[in-house]
A.B. asks: 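So that we are looking at the same thing, I have put the structure below in structure tokens.
Because the structure is a prediction, the values reported are computed rather than measured.
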Amino acid sequence: MGRQFIASVRRWARQRGRKSASRRARAPGSHGTRYVGKRKTTVKDRKKEIGRGLLLKTLSDLDIEPDDF
């Protein structure tokens, strides 16, 4: 789920001494932005499942190796 993903990214960033933050979308909707260092990605609804393809794209946006995750 999206919440698990966000928690895992936060933990990953903390272990590596990187800043991590979330920001909700300005417009109505369920998407938000996740920042890790100077990189960012869009995260869909935190209550829904993230598919494998979207997960890999999101990790790529944040410069996180899937093996590290």
Side-chain angles (χ1 to χ4, degrees):
M1 291 186 84
R3 283 188 202 148
Q4 293 169 332
F5 171 76
I6 291 169
S8 296
V9 168
R10 186 180 305 134
R11 188 172 35 255
W12 181 90
R14 191 176 327 124
Q15 290 172 346
R16 286 155 181 80
R18 296 185 186 177
K19 290 186 178 183
S20 175
S22 288
R23 185 167 298 158
R24 296 193 128 216
R26 293 182 192 152
S30 55
H31 289 67
T33 304
R34 185 81 207 163
Y35 297 90
V36 174
K38 294 182 179 184
R39 306 211 40 139
K40 71 176 182 174
T41 191
T42 301
V43 179
K44 72 179 212 172
D45 189 347
R46 296 179 295 163
K47 297 178 184 176
K48 294 185 180 176
E49 193 71 30
I50 296 175
R52 180 172 168 75
L54 182 58
L55 175 63
L56 293 175
K57 170 69 169 106
T58 303
L59 291 175
S60 173
D61 289 347
L62 296 174
D63 198 27
I64 299 173
E65 292 292 324
D67 295 336
D68 292 344
F69 202 74

A.B. asks: Within this structure, what is the CZ-OG1 distance for the pair Arg34 and Thr41, rounded to the nearest 0.5 Å?
C.D. replies: 11.0 Å
A.B. asks: Starting at NZ of Lys48, measure out to CG of Leu54 and round the result to the nearest 0.5 Å.
C.D. replies: 12.0 Å
A.B. asks: Just how far is it from atom CD of Gln4 to atom CD of Glu49, taken to the nearest 0.5 Å?
C.D. replies: 7.0 Å
A.B. asks: Could you list the residues that satisfy side chain to side chain contact (heavy atoms under 4.5 Å, CB included) with Ser60, not counting sequence neighbours?
C.D. replies: none
A.B. asks: Is it the case that one hydrophobic cluster holds both Val9 and Leu56, taking links as side-chain heavy atoms less than 4.5 Å apart, direct or via other members?
C.D. replies: no
A.B. asks: Just how far is it from atom OH of Tyr35 to atom OG of Ser22, taken to the nearest 0.5 Å?
C.D. replies: 9.5 Å
A.B. asks: Sequence neighbours left out, what passes salt bridge (Lys or Arg N to Asp or Glu O under 4.0 Å) with Lys57? Give chain and number order.
C.D. replies: Asp61
A.B. asks: For residues Asp63 and Trp12, report the shortest heavy-atom separation together with the two atoms involved.
C.D. replies: O-CH2, 4.4 Å
A.B. asks: If you look at every heavy atom in Leu59 and Pro66, which pair is closest and at what distance?
C.D. replies: CD1-CA, 4.1 Å
A.B. asks: Please check if the number of heavy atoms outside Gln15 that lie under 6.0 Å from its CD is greater than 12.
C.D. replies: yes
A.B. asks: Could you tell me whether the side chain of Thr58 reaches within less than 4.5 Å of the side chain of Ile50, counting heavy atoms only?
C.D. replies: no
A.B. asks: As an exercise, state the distance from NZ of Lys40 to OG1 of Thr42, rounded to the nearest 0.5 Å.
C.D. replies: 7.0 Å
